[in-house]
Amino acid sequence: WLDHWRGRIGGVYRVPEPLVMDCQRNLLYQNLMLRWRYSVGAAVYSDAFFQPESSDTLISLLTYGYAAEARQGLGELLTMTKGAGMYTNWECGEKLSYAAEYHAYTGDDGFIRDHAERLAGILDDFARQIAADPAGLLERQCCCGDIPKPSHYLHHQVICQCGMRVMIELFERLGHPGTGRWREAALRHDAALRRLLTERARELPDGSLFIPLDLDLQGSSEVFEPITATRLGSYWNLVAPYAFASGYWSPEELAKIAGYMRRHGAFFL
């Protein structure tokens, strides 16, 4: 057993501190065993999954060279959902984004072709929602597992926009016939989302930029001061960074957003 795992773990960096090396090795052991799972054997989270965290774990394995394991796990996650009444758009946006990220690392056209029907189905559904919405947004869904109120949420809309964009580009390169309709929908959604974000963003006296999670709140959304003072602020801190890490904002805007996080309690250290 020891020889098996020693042979599998290589690592990508070496530093003099044994504790750091132990941490790297431990996380690789853990992620190779769990893959997309939150836990194995726990009473609450045994075999549980959450698309953003589970997919990110698999991409982390990919960056360490475990492409086959990442491919298998991401393929399995494409079939999984928390189901109707939950945050299925966020899940689907992550599926598109992580499939494209896997392809960017590996150049594996076969992965996209193997799952083309499912990925195209997500784009079809997004196009349907955007066409049906007077503002051109995706439909209102619950924020996350612990915040059931349906609304237009920051992380849903941004992650889905970015997922649409990268997957449409991939499908265009692979010659898929449906990309024109998807691109038209994505452009309408992008324009609507940018207008809404411009309306909702609040530049603070310290030069930082606050963007609320619930984009339906108009002027009633209070800036969290500090972020950790309320449960909603803590959840903003948990899920809003998924949007901020997507590449949707310019570097100058993102610096202001990160400034709000740094100065208002987002980090322990």
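Residues Met167 and Leu123 share a closest heavy-atom pair of CG-CD1, 4.0 Å. Closest non-hydrogen pair, Ala127 versus Arg181, comes out as CB-NH1, 4.1 Å. For the pair Pro134 and Arg188, the tightest heavy-atom approach, listed with the atom from each and the gap, is O-NH2, 3.4 Å. Shortest non-hydrogen contact noted between Gly93 and Ile159 is C-CG2, 3.6 Å. Minimum heavy-atom separation, Ile211 to Ala201: CG1-CB, 4.1 Å. The two residues His264 and Ser208 make their nearest non-hydrogen contact at NE2-OG, 3.9 Å.
Remark: Arg194 qualifies as a cation-pi partner of Tyr248 under the 6.0 Å distance and 45° angle criteria applied to the six-membered ring.
Atoms OG and CG, from Ser234 and Asp146 in turn, are 11.5 Å apart once rounded to the nearest 0.5 Å. How far CG of Leu34 is from OH of Tyr45: 14.5 Å, rounded to the nearest 0.5 Å. Taken from CG in Leu187 to CE in Met164, the straight-line distance is 9.5 Å, to the nearest 0.5 Å. Note that OG of Ser55 and CG of Leu62 are 12.0 Å apart. Values are rounded to the nearest 0.5 Å. Considering OG1 of Thr198 and CG of Leu193, their distance stands at 9.0 Å, rounded to 0.5 Å. Here Lys95 contributes atom NZ and Thr81 contributes atom OG1; the two are 5.5 Å apart, rounded to the nearest 0.5 Å.
The hydrophobic cluster containing Phe267 also contains Phe224, counting ILVMFWY residues as joined when their side-chain heavy atoms lie under 4.5 angstrom apart, directly or transitively. Residues Leu27 and Trp36 fall into different hydrophobic clusters, defined by Ile, Leu, Val, Met, Phe, Trp and Tyr side chains chained together at heavy-atom separations under 4.5 Å. Phe49 and Val40 fall into different hydrophobic clusters, where Ile, Leu, Val, Met, Phe, Trp and Tyr residues are linked whenever their side-chain heavy atoms come under 4.5 Å apart, directly or through other members. Hydrophobic clustering of Ile, Leu, Val, Met, Phe, Trp and Tyr side chains at less than 4.5 Å, counting indirect connections, keeps Ile59 apart from Val166. Linking ILVMFWY side-chain heavy atoms closer than 4.5 Å, directly or via other members, places Phe244 and Leu238 in a single hydrophobic cluster.
No more than 12 heavy atoms of other residues, nucleotides or ligands shown are found within 6.0 angstrom of CD on Glu117. Counting non-hydrogen atoms of neighbouring residues, nucleotides and ligands closer than 6.0 angstrom, the OH atom of Tyr29 exceeds 12 such neighbours.
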| task | Given side chain to side chain contact (heavy atoms under 4.5 Å, CB included), test Phe126 with Asn89 step by step and report yes or no. | result | CA-CA 8 Å; Phe126 283 178; Asn89 280 345; 3.5 Å; yes
| request: Please assess Thr228 against Asn237 for the test side chain to side chain contact (heavy atoms under 4.5 Å, CB included), listing each intermediate value before the final yes or no. | output: CA-CA 8 Å; Thr228 53; Asn237 203 37; 5.7 Å; no
| said: Would Leu213 and Leu232 count as a side chain to side chain contact (heavy atoms under 4.5 Å, CB included) here? Give the steps. | reply: CA-CA 9 Å; Leu213 196 63; Leu232 285 176; over 6 Å; no
| task | Assess whether side chain to side chain contact (heavy atoms under 4.5 Å, CB included) is satisfied between Leu215 and Leu197, documenting all intermediate values. | result | CA-CA 8 Å; Leu215 298 176; Leu197 290 173; 4.0 Å; yes
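Aromatic ring centres of Trp90 and Tyr153 lie farther apart than the 6.0 Å criterion allows.
Looking only at distances, a side-chain donor or acceptor of Thr57 sits under 3.5 Å from a matching main-chain atom of Glu53. Looking only at distances, a side-chain donor or acceptor of Gln129 sits under 3.5 Å from a matching main-chain atom of Glu139. Here the side chain of Gln141 pairs a donor or acceptor atom with the backbone of Thr88 at under 3.5 angstrom.
The aromatic rings of Trp182 and Phe171 are tilted relative to each other, their planes meeting at an angle between 30° and 60°. Using cut-offs of 30° and 60° on the angle between ring planes, the pair Trp236 and Tyr260 is perpendicular.
You'll find the side chain of Met21 reaches within 4.5 Å of the side chain of Val15, heavy atoms only. With contacts defined as side-chain heavy-atom distances shorter than 4.5 Å, the pair Val223/Arg202 qualifies. Within the 4.5 Å cutoff, side-chain heavy atoms of Leu32 are placed close to those of Leu61. In this structure, the side chains of Glu69 and Leu58 stay at 4.5 Å or more apart for every pair of heavy atoms. Side-chain contact between Leu28 and Arg25 is absent, with no heavy-atom pair separated by less than 4.5 Å. Lys256 has its side chain out of reach of Trp249: every pair of non-hydrogen atoms, C-beta onward, lies at least 4.5 Å apart. Under the 4.5 Å side-chain criterion, counting only non-hydrogen atoms from C-beta, Asp114 is in contact with Arg71. Side-chain contact between Cys143 and His155: present, with at least one pair of heavy atoms (C-beta onward) separated by less than 4.5 Å.
For the residue pair Tyr98 and Gln51, no side-chain donor N or O sits within less than 3.5 Å of a side-chain acceptor on the partner.
A salt bridge links Glu172 with Arg183: the closest approach of a Lys/Arg side-chain nitrogen to an acidic carboxylate oxygen falls below 4.0 angstrom. Lys149 has no carboxylate O lying under 4.0 Å from a charged side-chain N of Asp216, or vice versa, which leaves the two without a salt bridge. With respect to the salt-bridge test (charged N to carboxylate O, under 4.0 angstrom), the residues Asp214 and Arg200 do not qualify.
Considering only residues two or more places apart in sequence or on other chains, Glu184 meets the side chain to side chain donor-acceptor pair (under 3.5 Å) condition with none of them.
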